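See below for the structure under consideration.
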Amino acid sequence: MALDVVASIPEPPLGLVREREPKRRKLQEEEWEQLLQELSQDSASISGFSEALRQDKEFMLQAVKHTWKALAFASPALRADRDLVLEAVLIAGDALSFASEELRKDKDLVLQAAKNDYLALRYASEALRSDRDVVLEAVRLNGHALGYASPELRGDREVVLRAVRSDELSFWNANPESICFDPSFKAAQGSHLACPGDVVPVVTLSLEALRENEEETVTCEATLLSGCQIRFPVHREGRISEMVDSVWSAVSEVMEVPSWIHVVLDGHEEPLSPFDAIRPLAELSC
């Protein structure tokens, strides 16, 4: 009999349902706004929010914008949600600590996080802390990221050079057996040659005068991307580092430049490496 009564209850008119929906939505927005204000004042307040809210992706996306720590209270499913985790880690690299194990293995996500906050490397998977691309991005942003890299990469001279150029103190996180007694590293450390991928001025260098002239010191030419040409002295018996110093000094007279530049030899595509700095200049002029 009860079933008959329930079955006989008429459904509300469609127009009434449509009328109630905006009201319901407005009440939800007001509730969310109040909760988010509480969250802004006290990040721990989210621990008292309902389980339904912590499972609601739309709400949690707003929550992590107020505080990345909200990710810690999201449901397990949402801590494995790439959109939500990315939103949080772009605010603070530490947020990666609350992400699912699978997302901490996601190279693209960790790369984006490392470009924004080097601390993301600390919580990346072991495989990604051994990934050269990820570690290079992190140490470029902050040399202290070197301390979170794998032992192998802490002995990689390019990785360590990037870290040291970001912060000299990060050298203490390097693998001393691989770096300390490497003369090419010491020369690169004091060189004006940029590391691959650095966004710095590019100078195309012609050593034609050095090949055609047997004098001890000759004047060579270089061209900036702007088309501006500069002239600088080169000592035939010197090292590449000394020539680059001359180029950098000449460039700095015509424009403001950072501490490092890319130097591309005429007829070549790739710039000189910082680890070329120790080589005798005669090797280039042959």
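Fair warning: this is a prediction, and the values are worked out from it, not measured in the lab. We count residues from 1, following the sequence as given.
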Exercise for review: Measure the shortest side-chain to side-chain distance between Leu109 and Leu96 over non-hydrogen atoms and say whether it is less than 4.5 angstrom.
Suggested key: yes
Point to revise | Under 3.5 Å side-chain donor-acceptor pair for His262 and Asp198 | key: no
Review point. Is a side-chain donor or acceptor of Ser170 paired with a backbone partner of Asp167 at a separation under 3.5 angstrom?
Key: yes
Practice item. Quick one: pull up CG in Leu161 and OG in Ser273 and give me the separation to the nearest 0.5 Å. Key: 8.5 Å
Review point. When clusters are formed by joining ILVMFWY residues with side-chain heavy atoms under 4.5 Å apart, either directly or through shared neighbours, do Val200 and Val247 land in the same one?
Key: no
Practice item. Could you tell me the separation between the NE2 atom of His268 and the OG1 atom of Thr204, rounded to the nearest 0.5 Å? Key: 12.0 Å
Check your understanding: Gln55 and Glu51: side-chain donor and acceptor closer than 3.5 Å?
Key -> yes
**Study point:** Minimum-distance pair of heavy atoms, taken over all atoms of Ala74 and Leu84
**Key:** CB-CD2, 4.2 Å
Exercise for review: Treating Ile, Leu, Val, Met, Phe, Trp and Tyr as nodes and any side-chain heavy-atom pair under 4.5 angstrom as an edge, say whether Leu265 and Phe232 lie in one connected cluster.
Suggested key: yes
Practice item. State whether Asp245 and Arg239 are salt-bridged, where the test is any N-O pair (Lys NZ or Arg NE/NH1/NH2 against Asp/Glu carboxylate O) under 4.0 Å. Key: no
Exercise for review: Would you please test Arg129 and Leu121 for side chain to side chain contact (heavy atoms under 4.5 Å, CB included) and show each step?
Suggested key: CA-CA 6 Å; Arg129 284 187 277 114; Leu121 186 63; 3.8 Å; yes
Check your understanding: If Ile, Leu, Val, Met, Phe, Trp and Tyr residues are connected whenever their side-chain heavy atoms lie under 4.5 Å apart, and connections chain through other members, are Leu61 and Leu78 in the same group?
Key -> yes
Check your understanding: Hey, any chance Trp172 and Leu119 share a hydrophobic cluster, counting ILVMFWY side chains that come within less than 4.5 Å of each other, even indirectly?
Key -> no
Review point. Heavy-atom distance under 4.5 Å between the side chains of Leu224 and Val254, does that happen here?
Key: yes
Practice item. Provide the closest heavy-atom pair for Asp117 versus Asp94 in the form atom of the first, atom of the second, distance. Key: OD2-N, 4.5 Å
Practice item. Measure the spacing between CG of Asp266 and CG of Leu205 and express it to the nearest 0.5 Å. Key: 8.0 Å
Practice item. Go through the steps for Arg162 and Asp156 under the test salt bridge (Lys or Arg N to Asp or Glu O under 4.0 Å), then give the verdict. Key: CA-CA 10 Å; Arg162 282 189 185 278; Asp156 182 301; over 6 Å; no
Check your understanding: Are Val202 and Val199 connected in a single hydrophobic cluster, I mean Ile/Leu/Val/Met/Phe/Trp/Tyr linked by side-chain heavy atoms less than 4.5 Å apart?
Key -> no
**Study point:** Pair Asn116, Gln112: side-chain N/O donor-acceptor within cut-off below 3.5 Å
**Key:** no
**Study point:** Minimum side-chain heavy-atom gap Lys186-Pro183 below 4.5 Å
**Key:** no
Practice item. Can you label the angle between the Tyr118 ring and the His144 ring as parallel, tilted or perpendicular, going by 30° and 60°? Key: tilted
Exercise for review: Of all the heavy-atom pairs spanning Val203 and Val251, show the shortest one and how long it is.
Suggested key: CG2-CG2, 3.9 Å
Exercise for review: With the side chain counted from C-beta on, respond yes when Ile240 and Ile278 share a heavy-atom pair under 4.5 Å apart, and no when they do not.
Suggested key: no
Exercise for review: Using a 4.5 Å cut-off on heavy atoms from C-beta on, say whether the side chain of Arg79 contacts that of Leu71.
Suggested key: yes
Practice item. Check the pair Glu270, Val264 against side chain to side chain contact (heavy atoms under 4.5 Å, CB included), reporting the backbone distance first and the verdict last. Key: CA-CA 6 Å; Glu270 296 298 323; Val264 181; over 6 Å; no
Review point. Between the side chains of His235 and Thr217, does any donor sit under 3.5 Å from an acceptor?
Key: yes
Revision key, fill the gap. d(Glu152 CD, Arg132 CZ) to nearest 0.5 Å is 10.0 Å
Practice item. For residues Phe185 and Arg157, report the shortest heavy-atom separation together with the two atoms involved. Key: CE1-O, 3.6 Å
Check your understanding: Any sub-3.5 Å donor-acceptor pair from Ser252's side-chain atoms to Ser249's backbone N or O?
Key -> yes
Check your understanding: How many angstroms lie between CD in Glu87 and CG in Asp81, if you round to the nearest 0.5 Å?
Key -> 11.0 Å
Check your understanding: Does a side-chain heavy-atom distance below 4.5 Å link Val160 with Phe171?
Key -> yes
Practice item. Side-chain contact test, heavy atoms from C-beta onward, threshold under 4.5 Å: evaluate it for Cys220 versus Val234 and give yes or no. Key: yes
Revision key, fill the gap. Scanning both residues in full, the closest heavy-atom pair of Trp260 with Pro201 reads O-CD, 4.4 Å
Check your understanding: Regarding Arg140 and Ser166, is there a side-chain donor-to-acceptor distance under 3.5 Å anywhere?
Key -> no
Study note, to complete from the structure: Minimal heavy-atom distance between Ala114 and Leu141, with the atoms involved, is O-CD2, 3.4 Å
Review point. If you measure from CZ on Arg154 to OH on Tyr148, what distance do you get to the nearest 0.5 Å?
Key: 11.5 Å
Check your understanding: Can you check whether Pro258's main-chain N or O pairs, donor with acceptor, with Trp248's side chain at less than 3.5 Å?
Key -> yes
Practice item. Answer yes or no for Arg104 and Tyr123: cation-pi contact, defined as NZ/CZ to six-membered ring centre under 6.0 Å and angle to ring axis within 45°. Key: no
Check your understanding: Given side chains that start at C-beta, do those of Pro274 and Cys195 come closer than 4.5 Å, heavy atoms only?
Key -> yes
